[in-house]
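Presented below is the structure to which this report refers.
These values consider heavy atoms only, across backbone and side chains, with no hydrogens, waters or symmetry-generated copies.
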Amino acid sequence: TSDTHFGDKIRASDTSGFAEFDAEIAANRLNYVITKASMILRLHRQMYPINDLYWGILGDILHGELYDALIANELHPASQLDFGTEMMDMLFQNLSQLRQEKVITGNIVVVFKPGNHPRLDVKMPLKRQAQRNLDGALYRTLYKLWKSKPGVQFVDDGDSPFSFVNIAGHRYCFAHSGGASYVNNPD
C-alpha cells in the first residue's frame with residue numbers, strides 16, 4: 001500500500017473535469033485493493049500454501065500539509081492521522097481474517113517506510129524522515145495497536161529510509177522513493 005494520500009481533496013475543477021478525489025473515494029479504493037488482494041490470495045492458496053505474507057506500507061499514506069495543502073486538503077493533518085489509522089486498521093483486520101481462515105498459514109509481516117508528502121519540514125534529510133513525518137506517527141500508532149496480535153510482525157530497521165528483507169532466499173528492498181535514486185552511469 002502506498003500513495004493513498006488520505007486527506008487530500010481534488011475537485012473536478014482542479015483537473016478540467018478529469019478526476020476527483022476525497023476521503024470517501026480513498027476509502028473505496030482501499031476497500032477495492034483489500035477485496036482484490038483477498039481474492040488473489042485465495043486463488044493462489046488453492047495452488048500452494050502461503051506461509052508469511054509481506055505487506056509493504058510504503059509512504060504517502062497521509063497527504064500532509066506541504067505544497068498546496070492549505071487550499072487542497074479535505075482533512076487537517078490530525079484528522080488525516082485519525083482517518084489513516086482507521087483505514088490501515090481495516091486493512092490489518094482483513095489480513096488477519098485471511099490468517100484465521102488459513103489462507104495465510106504463517107505471519108503477516110509489515111514493512112513500513114514513510115513518504116515525502118506528510119513530512120513536517122520542507123527540506124529534510126532522508127535519515128530524519130521517519131521521525132518528522134505524519135506517516136511515521138501513523139506507523140507508530142499501528143504498531144501499538146497490532147504488535148501483540150498473534151501472527152502480526154513488524155520489520156524493525158530503525159529509521160532507515162530503506163528496508164532490506166530476505167524472502168524465500170531473495171533480498172528485497174522496500175522504500176518510498178522521495179527523491180532517493182540510483183543512476184547507473186559509467187561516466
* Could you go step by step and tell me if Phe112 and His176 meet the side-chain contact (heavy atoms from CB on, under 4.5 Å) rule? -> CA-CA 9 Å; Phe112 171 81; His176 182 85; over 6 Å; no
* To do: Quickly, which of Asp82, Thr85, Asn133 forms a side chain to side chain contact (heavy atoms under 4.5 Å, CB included) with Leu138? Name it, please.
  => Thr85
* Measure from the side-chain N and O atoms of His5 to the backbone N and O of His63, and report whether any donor-acceptor pair falls under 3.5 Å. => no
* Asked: Any chance the side chains of Gln97 and Glu101 put a donor and an acceptor closer than 3.5 Å?
  -> yes
Which pairs of donor and acceptor atoms, one on a side chain in residues 28-41, lie under 3.5 Å apart (sequence neighbours left out)?
residue: Asn28; atom: ND2; partner: Glu24; partner atom: O; Å: 3.3
residue: Thr35; atom: OG1; partner: Asn31; partner atom: O; Å: 2.8
residue: Ser38; atom: OG; partner: Ile34; partner atom: O; Å: 2.9

* To do: Consider only side-chain heavy atoms of I, L, V, M, F, W and Y, link residues closer than 4.5 Å, and tell whether Phe92 and Met87 are in one cluster.
  => yes
* Given the rule that I, L, V, M, F, W and Y join up when any side-chain heavy atoms are under 4.5 Å apart, are Leu142 and Val111 in one cluster? -> no
* Test side-chain contact (heavy atoms from CB on, under 4.5 Å) on Met88 and Thr1 and set out the steps. => CA-CA 9 Å; Met88 292 293 105; Thr1 308; 4.0 Å; yes
* Asked: Has the side chain of Asp135 got a donor or acceptor atom that lies under 3.5 Å from a matching backbone atom of Asp60?
  -> yes
* Asked: Going hydrophobic residue to hydrophobic residue with side-chain gaps under 4.5 angstrom, can you get from Phe154 over to Val165?
  -> no
* Check: Ser160 side chain, Phe162 main-chain N or O, donor-acceptor pair, under 3.5 Å -> yes
* Would you confirm whether Asp22, through its side chain, and Ile25, through its main-chain N or O, come within 3.5 Å as a donor-acceptor pair? => yes
* Nearest 0.5 Å, what's the CZ-NZ distance between Arg45 and Lys102? -> 10.0 Å
* Pairwise distance NE2(His76) to CD(Glu65) - rounded to 0.5 angstrom -> 6.5 Å
* **Donor-acceptor under 3.5 Å (Gln153 side chain, Asn107 main chain)** => no
* Asked: Is Met90 reachable from Ile104 through a run of hydrophobic residues whose side-chain heavy atoms are each under 4.5 Å from the next?
  -> yes
* Asked: Among the clusters formed by ILVMFWY side chains lying less than 4.5 Å apart, do Phe174 and Tyr143 turn up in the same one?
  -> no
* Does a side-chain N-to-carboxylate-O contact under 4.0 Å join Asp157 and Lys113? -> yes
* N/O donor-acceptor pair under 3.5 Å between Asn73 side chain and Gly64 backbone -> yes
